[in-house]
Participant: 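Got a structure for you, written out below as structure tokens; questions coming shortly.
Along the sequence shown, residues are numbered consecutively beginning with 1.
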Amino acid sequence: MCQLLERAAKDYGDVEEPNLSIPFKTFDFSKWPPSLTDTQLETLTYHATTYALSHGLTYLPLAPTQPPSPTSAIHAPISLLPIPRSLFEKAQGLQSVYNTLYARVATNNEFLDQEMGAELGVGKADEFVRTLWKGWKEIREEGIIQPLHLGLFRSDYLLHTGGGEGRTLGVKQVEFNTISSSFGPLSERAAAMHRYLHELTDYYSISPDLKPENFPSNNTTSGLAEGLSEAHKAYGVQGAYILFVVQPNERNVFDQRWLEYELLEKHSIRVVRQTFVELSSSATLDPQTRISTVYFRAGYVPTDFPTEEHFKTRFTLERSRAIKCPTIPLQLAGGKKVQEVLSQPSIVEKFFTSPSGVDTSNDAADLRETWMPAWHDARAHSLVLKPQREGGGNNVYKDDIPAFLDTLAPEERQAWIAMELIVPPAGVGGYLVRAGGANGGGDAGAVRAETVSELGVFGWALFGKEGIVKERGEGVGWLMRTKGVESNEGDVAAGFSVLDLVVLVDG
């Protein structure tokens with residue numbers, strides 16, 4: 001569903017600029033979406049799906065093994081109409097602050113050893129984290145220093161009502177992604193699809209909010225490619241390549257290919273794609289190496305490392321001169337444990353304190369406005385349990401938590417964090433379109449459902465121990481995902497969500 005984001009007006013009474021809340025009830029969420037006739041819905045569905053297939057808003061079909069040269073594609077899961085969200089501009093404005101925070105976390109070895117390490121942190125209980133951390137520790141002990149790190153980040157948010165009859169509506173962070181932050185290029189094309197539908201049909205004049213000036217620009221492909229090109233330039237070797245480390249049988253290949261095309265066509269940078277298996281025989285540490293940047297679109301889940309050889313290959317890449325996106329410490333910085341620790345009293349403030357010990361900005365306070373309590377003493381039905389994982393489908397929710405915890409040994413529980421659930425507005429509807437039907441089976445078409453939507457804001461930072469070299473937050477791009485309320489997860493690749501558009505409306 002194209003996403004309707006309620007713009008925070010400048011004259012909202014006594015609401016101060018740093019506050020990420022606006023008066024509730026400024027938009028009636030329960031009345032969305034406007035009604036369409038069956039004929040109108042069928043027409044929009046036809047034009048949306050054919051546009052998607054014609055403009056690379058696509059996936060590879062589900063198959064046990066993808067062919068070396070694809071012969072067919074299906075449209076990515078999309079939606080047809082906008083539904084409301086809010087505070088889009090505020091969330092975008094915070095991205096540079098988040099870029100800076102996670103750059104500082106990733107270069108604070110003592111903090112990461114304490115929270116994510118195998119001796120003191122969650123690495124004691126989580127084998128995947130432990131293996132990564134031990135490999136990084138060994139590399140440090142060899143005297144190898146990573147002069148520069150590249151982060152292509154995405155900060156994910158949900159609207160939060162506070163439950164009950166809350167007087168304000170705000171945005172709360174779901175998570176901060178430091179590795180394989182996907183769906184930027186496809187989200188750009190989903191937004192373009194909705195602009196096309198509006199130009200073609202005017203959305204049958206079903207809502208005064210559906211007008212071009214309310215459709216924010218989304219140039220995520222160029223925004224993310226800019227970060228990769230800056231790392232490439234910083235490496236400084238003429239004719240070097242960027243390496244994309246990818247998963248075998250990748251279905252979301254087109255989201256990655258758009259970045260490759262942008263790098264070649266706009267920056268004259270060539271890309272080579274390889275899996276960990278391929279790299280295990282092809283990658284060597286050569287002083288004459290021609291790889292400037294290693295961009296990981298794999299390596300964020302244990303299944304990417306089925307053997308010890310896969311980890312050895314990951315560590316070989318880490319030892320190289322190439323700029324990694326991300327380095328192992330930056331990947332560890334994206335762990336849920338770090339998210340929980342930063343929310344504790346006085347912790348995040350330490351990362352925004354000048355060497356003289358003086359707090360120089362309100363950055364920490366602005367970030368705290370977006371956080372839900374972690375390890376809060378609340379009932380199970382208001383909590384979500386999160387492991388140190390990316391990729392969707394890993395969390396445990398509400399009343400399932402007690403029984404799940406009973407299956408874990410006490411030491412294993414240290415690898416999970418509990419957070420209060422975000423409470424989005426109720427009663428929001430939308431039309432969801434997936435290839436082959438709502439759940440991958442049956443006839444294709446639009447399915448009306450009660451929905452909830454998640455906003456992802458992209459940013460990038462090139463940084464080292466001494467600080468930020470270059471970064472960009474606001475304007476890099478955004479991702480909107482919409483799912484049925486019955487789904488707890490929000491990952492598009494895992495089949496939970498569809499891609500959406502943001503439409504800005506004034507309260």
Participant: Mind checking the OG1-CG spacing from T45 to L197? Nearest 0.5 Å is all I need.
Facilitator: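 Result: 9.5 Å between the selected atoms.
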Participant: For the backbone of V129 and the side chain of D126, can you confirm whether one donor and one acceptor N or O come within less than 3.5 Å of each other?
Facilitator: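 Yes.
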Participant: When you measure from the side chain of E42 to the backbone of A446, do you find a donor-acceptor pair of N or O atoms at a distance under 3.5 Å?
Facilitator: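 Not confirmed, E42 side chain does not pair with A446 backbone.
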Participant: Ignoring hydrogens, what is the shortest heavy-atom contact between R472 and G223? Give both atom names and the distance.
Facilitator: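 Closest approach of R472 to G223: NH1-CA, 4.0 Å.
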Participant: Might you work through the side chain to side chain contact (heavy atoms under 4.5 Å, CB included) test for L186 and N252, ending with a clear yes or no?
Facilitator: CA-CA 9 Å; L186 290 194; N252 192 25; 3.6 Å; yes
Participant: List the steps, then state whether salt bridge (charged side-chain N to carboxylate O under 4.0 Å, His left out) holds for E260 with R273.
Facilitator: CA-CA 10 Å; E260 294 180 42; R273 298 168 56 89; 2.9 Å; yes
Participant: Walk me through whether L342 and L101 qualify under side chain to side chain contact (heavy atoms under 4.5 Å, CB included).
Facilitator: CA-CA 10 Å; L342 289 173; L101 171 61; 4.0 Å; yes
Participant: With a 3.5 Å distance limit and no angle check, can you tell me whether T327 reaches the backbone of H149 through a side-chain donor-acceptor pair?
Facilitator: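 Judged by distance alone, no pair lies under 3.5 Å.
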Participant: Report yes if the side chains of V433 and V498 come closer than 4.5 Å at any heavy-atom pair, otherwise no.
Facilitator: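 No, too far: nothing below the 4.5 Å cut-off.
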Participant: Quick one: does Y51's side chain get under 4.5 Å of I78's, heavy atoms only?
Facilitator: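 Answer no - side chains too far apart.
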Participant: Taking the six-membered ring for Trp, are H198 and F215 closer than 6.0 Å centroid to centroid?
Facilitator: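 Judged by ring-centre distance (under 6.0 Å), H198 and F215 do meet the cut-off.
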Participant: Yes or no on salt bridge (charged side-chain N to carboxylate O under 4.0 Å, His left out) for D156 and R481, after CA distance, side-chain angles and deciding distance?
Facilitator: CA-CA 10 Å; D156 294 336; R481 293 169 290 178; 3.1 Å; yes
Participant: With rounding to the nearest 0.5 angstrom, report the CG to OG1 distance, L330 to T178.
Facilitator: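 Here the interatomic distance stands at 5.0 Å.
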Participant: Can a side-chain donor-acceptor contact be found between Q173 and S155 if the only test is distance below 3.5 angstrom?
Facilitator: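 Per modelled atom types, S155 and Q173 side chains form a pair under 3.5 Å.
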Participant: Is the shortest heavy-atom distance from the side chain of E471 to the side chain of S96 under 4.5 Å?
Facilitator: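 Result yes, sub-4.5 Å side-chain heavy-atom pair found.
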Participant: Between L455 and V171, does a side chain to side chain contact (heavy atoms under 4.5 Å, CB included) hold up when you go through it step by step?
Facilitator: CA-CA 9 Å; L455 170 68; V171 286; 5.8 Å; no
Participant: Please name the pair of heavy atoms, one in L41 and one in L36, separated by the smallest distance, quoted to 0.1 Å.
Facilitator: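 Shortest heavy-atom contact: CD1-CD1, 4.0 Å.
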Participant: Flag the pair Q388 / K336 as yes when at least one side-chain heavy-atom distance between them is below 4.5 Å, and no otherwise.
Facilitator: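 Side chain of Q388 against side chain of K336, heavy atoms only: contact under 4.5 Å found.
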Participant: Please state whether the rings of F176 and Y102 are parallel, tilted or perpendicular, taking 30° and 60° as the class boundaries.
Facilitator: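 If you compare the ring of F176 with that of Y102, the planes turn out parallel.
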Participant: On the 0 to 90° scale, with breaks at 30° and 60°, tag the F183-Y59 ring pair as parallel, tilted or perpendicular.
Facilitator: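 Rings of F183 and Y59: tilted, 30 to 60°.
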Participant: With T221 as reference, evaluate K266, E226, E262, R189 under the side chain to side chain donor-acceptor pair (under 3.5 Å) test and give the passing residue.
Facilitator: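 Answer after filtering K266, E226, E262, R189: R189.
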Participant: Specify the closest pair of heavy atoms between D363 and V97, including all atoms of both residues, with the distance to one decimal.
Facilitator: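 Distance-wise, the nearest heavy atoms are CB-CG1, 3.6 Å.
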Participant: Indicate yes or no for a side-chain donor-acceptor contact from Q95 to the backbone of E474 under 3.5 Å, with no hydrogens or angles considered.
Facilitator: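 Checking the backbone N and O of E474 against the side chain of Q95, no donor-acceptor pair under 3.5 Å is found.
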Participant: Decide yes or no on side chain to side chain contact (heavy atoms under 4.5 Å, CB included) for H75 and L499, but give the supporting numbers first.
Facilitator: CA-CA 11 Å; H75 68 78; L499 297 173; over 6 Å; no
Participant: Just wondering, do Y295 and V271 contact through their side chains at under 4.5 Å, heavy atoms?
Facilitator: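 No; the side chains remain at least 4.5 Å from each other.
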Participant: Using the six-membered ring wherever Trp is involved, compare the ring planes of H310 and F276 and label them parallel, tilted or perpendicular (cut-offs 30° and 60°).
Facilitator: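 Because their plane-to-plane angle is over 60°, the rings of H310 and F276 count as perpendicular.
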Participant: Do V245 and T275 have side chains that get closer than 4.5 Å, going by heavy atoms?
Facilitator: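 V245 vs T275: side chains apart.
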Participant: Any idea which heavy atoms bring P34 and Y431 closest together, and the distance?
Facilitator: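 It is O-OH, 4.1 Å.
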Participant: Output yes when a side-chain donor or acceptor of E250 lies under 3.5 Å from a complementary backbone atom of Q247, and no otherwise.
Facilitator: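 Judged by distance alone, no pair lies under 3.5 Å.
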Participant: Any donor-acceptor pair under 3.5 Å linking the side chain of T161 with the backbone of V423?
Facilitator: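 A pair under 3.5 Å: yes.
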Participant: Among D255, L57, V502, T220, which one satisfies side chain to side chain contact (heavy atoms under 4.5 Å, CB included) with S187?
Facilitator: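 Exactly one option meets the side chain to side chain contact (heavy atoms under 4.5 Å, CB included) with S187, and it is T220.
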Participant: Should E89 and P216 count as side-chain neighbours, where that means a heavy-atom distance under 4.5 Å?
Facilitator: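 With C-beta onward as the side chain, the pair stays apart.
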Participant: Any non-hydrogen side-chain atom of E340 less than 4.5 Å from a side-chain atom of M419?
Facilitator: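 When only atoms from C-beta onward are counted, M419 and E340 do not touch, as no gap falls below 4.5 Å.
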Participant: Rounded to the nearest 0.5 Å, how far does CZ of F458 lie from CD of E188?
Facilitator: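 Separation between the atoms: 10.5 Å.
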Participant: Heavy-atom count check: over 12 atoms from other residues, nucleotides or ligands less than 6.0 Å from D38 CG?
Facilitator: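 12 or below, so no.
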Participant: I need the I242 CD1 to R270 CZ distance, nearest 0.5 Å.
Facilitator: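 Answer for the CD1-CZ pair, I242 versus R270, is 12.0 Å.
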Participant: Donor-acceptor pair, distance only, cut-off 3.5 Å: does the side chain of R413 make one with the backbone of L405?
Facilitator: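 Side chain of R413 to backbone of L405, a donor-acceptor pair under 3.5 Å: yes, one is there.
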Participant: Treating K386 as the side-chain partner and V396 as the backbone partner, does any N or O pair qualify as donor plus acceptor under 3.5 Å?
Facilitator: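 It does not hold such a pair.
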Participant: Using the ring of each side chain (for Trp, its six-membered ring), is Y261 parallel, tilted or perpendicular to W258, with breaks at 30° and 60°?
Facilitator: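 Rings of Y261 and W258: perpendicular, as their planes differ by over 60°.
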Participant: Is the ring pair F404/W416 parallel, tilted or perpendicular, if the boundaries are 30 and 60 degrees?
Facilitator: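 Rings of F404 and W416: perpendicular, as their planes differ by over 60°.
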Participant: Looking only at heavy atoms, what is the nearest atom pair of A73 and T58, with distance?
Facilitator: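 Nearest pair, atom of A73 first, then T58: CB-CB, 4.2 Å.
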Participant: Which heavy atom of P77 sits nearest a heavy atom of R434, and at what distance?
Facilitator: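 Between these two residues, the closest heavy atoms are CB-CG, 3.8 Å.
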Participant: Roughly how far apart are L44 CG and I206 CD1, rounded to 0.5 Å?
Facilitator: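 Going from CG on L44 over to CD1 on I206, the span is 7.5 Å.
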Participant: Got a second to check how far H55's NE2 is from Y196's OH, nearest 0.5 Å?
Facilitator: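 It comes to 8.0 Å.
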Participant: Do the rings of W371 and Y98 sit parallel, tilted or perpendicular, given the 30° and 60° boundaries?
Facilitator: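 Geometry flag for Y98 against W371: tilted rings.
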